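Step one of this worksheet: look at the structure below.
Counting from 1, the numbers follow the sequence of the chain as shown. The structure displayed is predicted, hence computed values, not measured ones.
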Amino acid sequence: MLKFRGWIKENRKIAAAQVILTIFLVLMFQYIMGQRQEYFVASREPDQTEDRIMVEGENSFTQQAVCEKDTLDGILVYAETEAGIGASLSVQVFDASGGLLAQAEQPLSADKEDILIRFGQTIYGCTGKKLELVFRSGTGEAVALKGGNCEEILGNEESNARIRLVYQALDVERYKIAVYLCGGILWLVLSLCLILLQKKYGKPEYLFAFLYLSLGIWYMVINPLYVIPDEPAHFARIYGISEGTFITEGTDGGIGPGSMLPENLLYGNQTANTKIKDIIDGKDVELSDNKVFLNYSNSALYSPFTYIAQVFGVAVGKIFSNKIFFIAYCGRFAAWLAAGGILFFAIRYIPFGKHILVAVSLLPMNMHESISLAGDTFTFAVAAAFVSFALYLRYTKKDTMGRKEYVLLYVLLFFIASCKIVYVPLCMLAFLIPAERFGHMRNYVKHVLLSVLEVFLTSGIWLAISMHILEGSLDGRSTEQVRYVLSHPLLYVETIANTTFTYGGGLINSMLGASLGWLHITVNSGVMAMVAGNLVYICVREKGVWKEEKSKWPRIWTAAAVACVVLVLYTSLYVQWTQLEKNIIDGLQGRYFLPVLLPFLLSLKSSSHMINGETDRHSFCVPYLLLLITNLFTLVTLLTNYII
């Protein structure tokens with residue numbers, strides 16, 4: 001007890017921060033869950049009519065309806081009463097043969113017109129069934145059912161009541177209590193472990209590994225398959241590669257936008273409305289032996305090396321199971337672990353900016369992407385590893401490079417050049433490596449030429465292949481776009497400026513994680529302000545940057561590499577997605593800028609104002625707690641959208 005009191009006294013600022021953040025967590029949980037009003041899956045909203053159907057005393061009203069899904073949990077009725085407290089509405093559900101399936105009664109409120117009547121138990125086997133719903137006033141008081149019309153659902157020949165069949169419903173109060181308990185316990189356990197881990201070890205790479213693994217597994221569970229942008233197309237590409245289709249095909253056998261894959265590979269709901277239960281319901285679906293041609297032109301543009309981790313996971317999954325769910329999640333899991341492992345070593349060996357790299361790696365957008373089948377987080381990890389490696393060779397290593405370091409240099413250059421061609425300018429950071437690391441000038445020149453040749457061939461070969469695919473999908477329009485840019489450079493510069501001024505703020509927000517899922521899930525602006533403020537604080541507090549080097553050349557060169565990536569990114573999307581001569585570029589997303597966020601932030605740091613040496617690790621305890629809590633807020637936001 002004395003030791004605990006002594007620790008509290010010694011770390012009273014951290015203890016106070018944790019108490020404040022715990023209170024804030026409860027309030028924010030309540031706010032996030034309150035943003036969604038309907039926690040149920042129901043039939044389509046009927047068109048409202050002027051009809052009013054009265055039920056009172058012993059009178060009843062029968063509504064015929066057709067159920068579109070297998071389950072039925074209740075009825076949503078639009079009704080009103082002037083009776084006030086004490087009035088209620090009852091409903092009985094009969095099948096076509098007259099058998100009673102369910103019955104329930106719900107008190108009415110004079111100030112609320114939509115009444116959810118739950119049966120208390122789920123009715124199964126309802127798909128396509130014609131039902132009869134008999135409504136009565138539970139207390140005999142007059143109740144007015146509002147009229148509505150919804151073809152294929154409401155089937156009365158004359159008047160129809162404005163109702164919706166509720167296929168699945170969630171007990172909101174129980175859900176909120178569960179979130180408070182589980183989320184609160186998770187926060188307290190993880191935050192205490194984080195504080196103890198930082199006090200005992202304090203190394204940023206270990207703190208990163210703890211948070212990445214602890215939070216990532218929850219991102220994996222909460223985000224159903226296919227809810228990350230273009231994830232169905234990425235899965236099709238990955239499965240095709242695992243079957244040997246490294247370059248996608250056309251229906252005529254040449255280079256094209258797809259390949260022959262099992263006909264049910266992309267089973268079930270693949271839209272933004274996918275829910276956790278949709279994935280659970282389809283967990284036993286097995287791959288079909290029948291193959292059909294699937295077109296996935298957007299992911300066909302990516303090099304197969306972008307998906308190296310996912311392909312490995314899918315290949316292993318296919319050995320143990322024929323179930324699509326299992327195979328897909330093996331790919332997800334492998335990609336998540338691979339990116340985390342690369343980032344761990346990048347943080348360990350980068351000579352400065354360790355906390356900045358941790359903060360960027362744990363941004364909600366990066367964590368959201370890390371568990372998907374897309375190649376974005378792997379690309380980010382490779383880019384971070386290359387920045388770390390170049391700075392390590394410049395500032396940490398003092399003698400010449402060994403064989404392993406040469407191999408790592410060429411491997412990283414290869415993956416940057418092949419993952420996404422827009423990030424090829426990051427290879428410019430190789431020139432930060434001093435000539436003396438190569439032993440002598442002749443050796444330096446040799447490896448510079450070999451590196452340039454590797455990058456040119458790797459990116460050039462795949463560019464030629466992807467342009468062939470792109471030309472087919474755009475009917476040759478990309479060539480016209482390139483000609484327009486080359487012939488009107490000033491107008492294109494104006495287009496870039498206009499795009500930046502118009503979309504800049506939104507791109508920064510979405511890069512941090514303001515828009516998740518298929519960009520339809522909005523994370524609270526207060527949470528995003530915390531994320532942004534925390535990132536700025538960490539950047540300002542980071543010490544030892546550029547190791548007191550007086551020359552500005554490394555910073556300028558790093559900034560130039562970032563600017564080249566942004567220019568290529570803008571141009572790529574202008575060529576692919578934007579209408580000819582349009583003065584604003586379409587298709588930009590904030591997550592595309594994540595691989596250059598680290599070098600950009602480092603380029604802003606001035607060594608003349610920094611102290612060489614390790615940053616005080618205790619000054620980063622609260623920022624790491626903020627990294628944890630903002631991701632928990634994001635997880636609850638995602639769960640609220642995907643729970644039902």
Atom OH of Tyr406 with >12 non-hydrogen neighbours under 6.0 angstrom: yes
Listed pairs under 3.5 Å, donor-acceptor, residues 303-317 side chains, sequence neighbours left out:
from, atom 1, to, atom 2, distance (Å)
Ser303, OG, Phe305, N, 3.2
Thr306, OG1, Ser303, O, 3.1
Thr306, OG1, Cys419, O, 2.7
Tyr307, OH, His234, ND1, 2.7
Gln310, NE2, Leu373, O, 3.1
Gln310, NE2, Ala374, O, 2.9

If you round to the nearest 0.5 Å, how far is CZ of Arg44 from CZ of Arg164? 10.5 Å
How long is the straight-line distance from CE of Met365 back to CG of Asp376, given to the nearest 0.5 Å? 9.0 Å
Does one side chain, of Thr578 or Asp586, offer a donor that lies under 3.5 Å from an acceptor on the other? no
Side chain proximity check, Lys275 to Asp278, heavy atoms < 4.5 angstrom: yes
So how far is it from Ser370 OG to Tyr212 OH, rounded to the nearest 0.5 Å? 4.0 Å
Verdict with reasoning, Val596 to Leu569, per side-chain contact (heavy atoms from CB on, under 4.5 Å): CA-CA 11 Å; Val596 295; Leu569 179 59; over 6 Å; no
Using side-chain contact (heavy atoms from CB on, under 4.5 Å), reason through Ile241 and Arg237 one step at a time and then give a plain yes or no. CA-CA 6 Å; Ile241 297 170; Arg237 175 73 169 124; 3.5 Å; yes
Contact summary for Leu72 and Cys67, nearest pair of heavy atoms: CD1-SG, 4.4 Å
Any side-chain heavy atom of Pro204 sitting closer than 4.5 Å to one from Phe208? no
Does some side-chain heavy atom of Arg591 sit less than 4.5 Å from a side-chain heavy atom of Pro229? yes
For residues Pro425 and Val568, report the shortest heavy-atom separation together with the two atoms involved. CG-CG2, 4.0 Å
Under a 4.5 Å cut-off applied to non-hydrogen side-chain atoms, are Lys277 and Ile644 in contact? no
Is there a side-chain contact (heavy atoms from CB on, under 4.5 Å) between Asp73 and Phe119? Walk through the geometry before answering. CA-CA 6 Å; Asp73 273 357; Phe119 300 145; 5.8 Å; no
Considering non-hydrogen atoms only, spot the tightest contact between Ala346 and Ala385 and give its length. CB-CA, 3.9 Å
Find the distance between CG (Leu588) and CG (Leu573) and round it off to the nearest 0.5 Å. 5.0 Å
Lys/Arg cation over aromatic Tyr239: Lys318, 6.0 Å, 45° cone: yes
Hey, are Ser288 and Glu263 close enough side-chain-wise for a donor-acceptor pair under 3.5 Å? yes
From the list Phe380, Phe378, Phe386, Tyr423, ring-ring contact (aromatic ring centres under 6.0 Å, His included) partner of Phe415 resolves to Phe378
In terms of heavy-atom contacts, Ile421 and Ser459 come closest through CD1-O, 3.6 Å
Looking at side-chain heavy atoms only, is the closest gap between Arg118 and Val166 below 4.5 Å? no
Just do the side-chain contact (heavy atoms from CB on, under 4.5 Å) check on Val387 and Leu429 with the steps written out, would you? CA-CA 7 Å; Val387 173; Leu429 297 180; 3.7 Å; yes
Counting N and O atoms only, with roles assigned by atom type, does the side chain of Lys354 sit under 3.5 Å from a partner on the main chain of Arg348, one being a donor and the other an acceptor? yes
Mind checking whether Ile643 and Tyr39 have side chains closer than 4.5 Å, heavy atoms only? yes
Given 3.5 Å as the limit, does a donor-acceptor pair link the side chain of Ser388 with the main chain of Ala384, or not? no
Backbone N or O of Leu301 within a donor-acceptor pair of the Ser466 side chain at under 3.5 Å? no
Counting only heavy atoms not in Asn290, do more than 12 fall under 6.0 Å of its CG? yes
With ring-ring contact (aromatic ring centres under 6.0 Å, His included) as the criterion, how do Phe210 and Tyr206 come out once you've worked through the C-alpha distance, each side chain's angles and the decisive distance to 0.1 Å? CA-CA 6 Å; Phe210 172 73; Tyr206 291 115; over 10 Å; no
When you measure from the side chain of Ser297 to the backbone of Pro257, do you find a donor-acceptor pair of N or O atoms at a distance under 3.5 Å? no
Counting only N and O atoms by type, is there a donor-acceptor contact under 3.5 Å from the side chain of Trp336 to the main-chain atoms of Met367? no
Grab the two heavy atoms, one from Leu294 and one from Pro262, that are nearest each other, plus how far apart they are. CD1-O, 4.3 Å
With no hydrogens and no angle check, is any side-chain donor or acceptor of Asn524 less than 3.5 Å from a backbone partner on Val527? yes
Any side-chain heavy-atom pair from Thr640 and Gln35 closer than 4.5 angstrom? no
Atom pair CG/OG of Leu594 and Ser361 - distance to nearest 0.5 Å: 9.5 Å
Inter-residue atom distance Leu362.CG - Leu215.CG, 0.5 Å rounding: 7.0 Å
Can you tell if the side chain of Leu207 reaches within under 4.5 Å of the side chain of Leu627, non-hydrogen atoms only? no
Using only atom types and a distance under 3.5 Å, with no angle test, would you say the side chain of Ser372 pairs donor to acceptor with the backbone of Glu369? yes
Taking all atoms of both residues into account, what is the closest heavy-atom pair of Ile327 and Ser321, and its distance? CD1-O, 3.7 Å
Would you call the rings of Phe633 and Phe29 parallel, tilted or perpendicular if under 30° counts as parallel and over 60° as perpendicular? perpendicular
Check the angle between the aromatic planes of Tyr392 and Phe389 and answer parallel, tilted or perpendicular using the 30° and 60° thresholds. parallel
Which atom pairs, one a donor and one an acceptor, fall under 3.5 Å between side chains of residues 221-228 and the rest of the protein, sequence neighbours left out?
from, atom 1, to, atom 2, distance (Å)
Asn223, ND2, Tyr219, O, 2.9
Tyr226, OH, Leu265, O, 3.4

Step through the shown structure and confirm whether more than 12 heavy atoms of other residues, nucleotides or ligands are within 6.0 Å of CH2 on Trp218. no
In terms of heavy-atom contacts, does CZ of Phe40 have more than 12 from other residues, nucleotides or ligands at under 6.0 Å? yes
For Tyr349, I'd like to know if atom OH has over 12 heavy atoms of other residues, nucleotides or ligands within 6.0 Å. no
Aromatic ring proximity, centroids under 6.0 angstrom, Phe414 and Tyr410: no
Taking atom CZ of Phe600 as the centre, does the number of heavy atoms from other residues, nucleotides or ligands within less than 6.0 Å exceed 12? no
